[in-house]
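Read the numbers this way: they start at 1 and go in the same order the structure lists the ligands and their atoms. Predicted model only: the values in this text are computed from it and were never measured.
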Amino acid sequence: MITARAHTNIALVKYWGKKDQNLILPQTDSLSLTLNEFYADTSVEFRDDLAADHIEIDDRVVTGHAANKVINFLNIIRKMSGEKRYANVISTNHVPVSAGLASSASAFAALATAASKAAGLDLNRRDLSRLARQGSGSATRSIYGGLVEWHRGTDDLTSFAEPIMEKVDFGIEMIALLLNTSKKKVSSRQGMQSSVETSPYYPAWHKVVAHDMLAMKRAISNQDIDQIGHIAEENALRMHALTLSADPGYTYFNGETIRAIQAINDLRSQGISCYYTMDAGPNVKVIYNRKNRSKIIDYLGKLFGQEKLIVSKPGPGVKIINK
Ligand code: DP6
């Protein structure tokens, strides 16, 4: 059995749309922060005695659509390696509570790393990143720790992630504010495709991302957490405008999401700088300088409950944790 650990990542400049759905080639570049507190451990073994792939996630046998995504991914690895056997896949998500943040990013980054090694391949990180991409776009970035850029590329060879800063120690942190942990109604896969096809604002998104990537990289090289937070917040709001402006329009926000946005604006107007970002669900992630942590926790804890807040530092890239 080969076991790999991969951490999830939160995009500061979002990926929202594919130009190739099969290879998962994105419409735009994106940029993320890998988180220390959220990760998946996945073990893989190809075995003679299996008549089908066996997949277990968090102690439950997986079937149907979720299993097919994993099986299709294992088929890519079997094709690359010549491995003919079926696999036993066991994965555990490590999140402080049942967070609803057990994302496909950590899942497919860990699976790509463990399964390719178990099939006898010895891929470098760029090739692991390209492979993970074919499981889930955001997994491309979870191969690396810290601040990571995914180059959209033009084909399978040129669409991969690269680290911008692997060891991030200038004080940036995130709080995940867990407002709702039930399964999302519109998957990110469906949602982004509908934005690409039907939002009249989609062409503007290309310009937004091109601008934000440059501005974000400048802010990172200046270690300017206020600029990083501000750009991330604007970028997230513009991504979510692509959901509202699709046909039919939809949103991942709920009332609590809006209440959290207002709370973060209130904190800012009290002189405590912090910023928000949201993904394909109602939970809110707060971006801030660790020196403001206790004030932010006090304020949001009173409004939402301390148990809803999970603090995370920047985290590392994928690792094989056994030999
Ligand atoms: C809002 O990576 O889950 O989190 O490639 O279809 O598996 P697929 O989508 P996924 O989408 C992530 C969307 C996002 C933004 C981001 O992580 O960049």
Problem - Side-chain donor-acceptor pair present, S269, D266, cut-off under 3.5 Å - result: no
Completion exercise
If we number the atoms of ligand 1 from 1 as shown, the ones under 4.0 Å from a heavy atom of A11 are 16 (C), 17 (O), 18 (O)
Handout entry: Pairing of E166 and R125 as salt bridge, 4.0 angstrom limit
Key = yes
Practice task
Please could you name the atoms of ligand 1 that K18 approaches to less than 4.0 Å, counting only its heavy atoms?
Solution key: 5 (O), 6 (O), 8 (P)
Practice task
Look at E173 together with R293 and state whether they make a salt bridge at an N to O cut-off of under 4.0 Å.
Solution key: yes
Exercise for the section: Measure the distances from the heavy atoms of W16 to every atom of ligand 1 and state whether one is below 4.0 angstrom. Expected result: yes
Practice task
Could you tell me which atoms of ligand 1, counted from 1 in the order shown, lie closer than 4.0 angstrom to a heavy atom of G137?
Solution key: 2 (O), 5 (O), 7 (O), 8 (P)
Practice task
Return a yes/no value for S188: is any of its N or O atoms, backbone included, closer than 3.5 angstrom to an N or O of ligand 1?
Solution key: yes
Problem - Check: F38 ring centroid to H7 ring centroid under 6.0 Å - result: no
Problem - Which segment of S104 sits under 4.0 Å of ligand 1 when only heavy atoms are counted - result: side chain
Handout entry: Short side-chain donor-acceptor distance under 3.5 Å, S159 and W150
Key = yes
Problem - Contact with ligand 1 for R133, non-hydrogen, under 4.0 angstrom - result: no
Practice task
Would you check the N or O atoms of K69, main chain and side chain alike, for any that come under 3.5 Å of an N or O of ligand 1?
Solution key: no
Exercise for the section: Give the numbers and elements of all ligand 1 atoms closer than 4.0 Å to a heavy atom of M192. Expected result: 9 (O), 11 (O)
Exercise for the section: Using distance alone, decide if ligand 1 has a nitrogen or oxygen within less than 3.5 Å of any nitrogen or oxygen in N9. Expected result: no
Handout entry: H54 and Y86: CA distance, side-chain angles, deciding distance, ring pair (Phe, Tyr, Trp, His ring centres under 6.0 Å) verdict
Key = CA-CA 8 Å; H54 175 84; Y86 290 108; over 10 Å; no
Practice task
Just go through S138, S32, S187 and tell me whose heavy atom is the nearest to atom 2 (O) of ligand 1.
Solution key: S138
Practice task
Indicate yes or no: does R218 engage D224 in a salt bridge with an N to O separation below 4.0 Å.
Solution key: no
Practice task
Report the part of R141 (side chain from C-beta onward, or backbone N, CA, C, O) that has a heavy atom under 4.0 Å from ligand 1; answer both or neither where that applies.
Solution key: side chain
Practice task
Could you tell me whether the side chains of Y288 and K291 share a donor-acceptor contact shorter than 3.5 Å?
Solution key: no
